[in-house]
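Note that ligands are numbered from 1 as they come in the structure, with each ligand's atoms numbered from 1 the same way.
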Amino acid sequence: MTNGNLYDANVCISCRERLEALPETISLTAGEFELLNRPQRAYSFAIPVRMDDGSVKVFNAYRVQYNNALGPTKGGIRYHQDVDFEEVKTLAFLMALKTSLAGIPFGGAKGGIQVDPRELSEGELERLTRGFVRAAHTFIGPRIDIPAPDVNTNSQTMAWIVDEYANISGAYEPGIVTGKPLELGGSLGRGEATSLGGAYVLDQYIKDSGLQRNELTIAVQGFGNVGRNIARILSGWGYTIVAVSDISGARYDEGGLEVETICSEKEGGCILKEAKSDAKHLSNEELLALDIDVLIPAALADQITEKNASRVKAKVILEMANAPVSKEADAILARQGTVIIPDILANAGGVIASYFEWAQNAGNEYWKLDEVNKKLREKILGAYTRVQERTLHNGYDLRTASYEVAVERILKAEKLRGNL
Ligand code: GLU
């Protein structure tokens, strides 16, 4: 293999495209651009797992530490059959921007294992997770790189990571991951923090726009932890949630869904299609095209693309998933006048609360729930204000303004370190 090929293997194509799409007013030098368009470290692992039937399967896993200028890298680890190296690089890039924008002392990272977790037993998932820690333990650590939950991983996954890391190192180190159960050094409020952060941002945006909570209709796409909790919080604050969807389809009631009932049914293991409710059945695509005020994609990437963007009627999109709107869709929606509150701002509540968890682990002192939530509100609305100021000052959309603020802080740190 030539050096040229090795060089190419490090580049993140979609990160480069995202940087190239920035307006010329955000002028990056060639060196700054080169530094930002590739991850600092990108690992790929092959993890053998003994399956319940005695056979062995080998799973592909990735961990990408995109940029650590601002501190140890930070970001979730997801289990999904479609995970690949390029996607993990892109998500790690978004994490680097997210932590920078949030003003917390972390760089950005992401991990992923290519697996459909529904096809594995609990025991197989545990062995896979422990296998990942054995493969990656020298590259992670509370002052190096700190994983957390993401798509299809949760506090149980984090508990296995803490335990396997302790088995290897011989010492209990809860700050190795965040999103842990409370008994293992987790933080109050971490489970709902992504949703609560997004709700704070949306609510502030609505206030700033001179609108009233009870006048607005909202649809939530994706009914996992993030989707369910944001539906609950916003409906508790007086917003009307008219539609929600999961992988089985959507339910819609133009007068407003009974959010608590539908959430409890889902938490009891019922898919939305089978939930006992008078609400109408819709497809996911129909939900995306509803005539509503706010659309909240809270599932996976690339849900709104050039194929369906022109059908979106919502006036505001709150990106609770990472990268739910494709680059092409972004341009179509801008022409339609749809306001997008971007992922690196809207869903930063999770990593902000992870920072609080990590700080509590380091100080061995644990905070009350209202203290966590108050600090979360301050941090995320601080980021929102920085973005809004930039929007007003430079006439940017919210995504461009968020990127500019985030990129500036990373580059400042790189310059101070002498790397630029
Ligand atoms: N997976 C979450 C995210 O995408 C949280 C990451 C973290 O807490 O480190 O922001």
Item to check | Ring geometry between W367 and F356 (parallel below 30°, tilted from 30 to 60°, perpendicular above 60°) | outcome: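 F356 and W367: tilted rings.
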Item to check | Location of contacts on P149 toward ligand 1, heavy atoms closer than 4.0 Å | outcome: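 Contact part for P149 vs ligand 1: backbone (N, CA, C, O).
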Next on the checklist: Residue-level breakdown please: for L91 versus ligand 1, do any non-hydrogen atoms fall below 4.0 Å on the side chain, on the backbone, on both, or on neither?
Outcome noted: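 The answer is neither.
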So, does [X] sit close enough to ligand 1 that a heavy atom of it is under 4.0 Å from the ligand?
X: K110; result: yes
X: E357; result: no
X: A353; result: no

Checklist entry - Which of the listed options, K74, R190, K98, holds the heavy atom that is closest to atom 5 (C) of ligand 1? => result R190
Protein heavy atom at shortest distance from [atom]:
atom: atom 7 (C) of ligand 1; value: A148 CB, 3.3 Å
atom: atom 1 (N) of ligand 1; value: D150 OD1, 2.7 Å
atom: atom 8 (O) of ligand 1; value: S354 OG, 2.5 Å
atom: atom 6 (C) of ligand 1; value: G76 N, 3.7 Å

Checklist entry - Under 4.0 Å from any heavy atom of M95, which atoms of ligand 1 are there? => result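 With M95 as reference, the close atoms of ligand 1 come out as 3 (C), 4 (O), 6 (C), 10 (O).
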Next on the checklist: I need the atoms of ligand 1 closer than 4.0 Å to a non-hydrogen atom of N322, numbered in the order shown.
Outcome noted: 4 (O)
Next on the checklist: Can you see whether F93 has K89 sitting over its ring - NZ or CZ less than 6.0 Å from the centre and within 45° of the normal?
Outcome noted: no
Checklist entry - Is the closest side-chain heavy-atom distance between P342 and L398 below 4.5 Å? => result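 The answer is yes, as the side chains (C-beta and beyond) meet within the 4.5 Å cut-off.
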Next on the checklist: Between the side chains of R251 and E258, is the shortest nitrogen-to-carboxylate-oxygen separation below 4.0 Å, so that they form an ion pair?
Outcome noted: no
Checklist entry - So, K415 and E32, do they make that salt bridge, N to O below 4.0 Å? => result yes
Item to check | Closest approach of R78 to D150 (non-hydrogen atoms, all atoms of both residues) | outcome: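 Result for this residue pair: NE-OD2, 2.7 Å.
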Next on the checklist: Counting only heavy atoms from other residues, nucleotides and ligands, does the tally under 6.0 Å from CD of E20 exceed 12?
Outcome noted: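 Buried by this count: over 12 neighbours within 6.0 Å.
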Item to check | Identified side chain to side chain donor-acceptor pair (under 3.5 Å) partner of K74 from the options D145, T178, T99 | outcome: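 Result: among D145, T178, T99, T178 is the only option passing the side chain to side chain donor-acceptor pair (under 3.5 Å) with K74.
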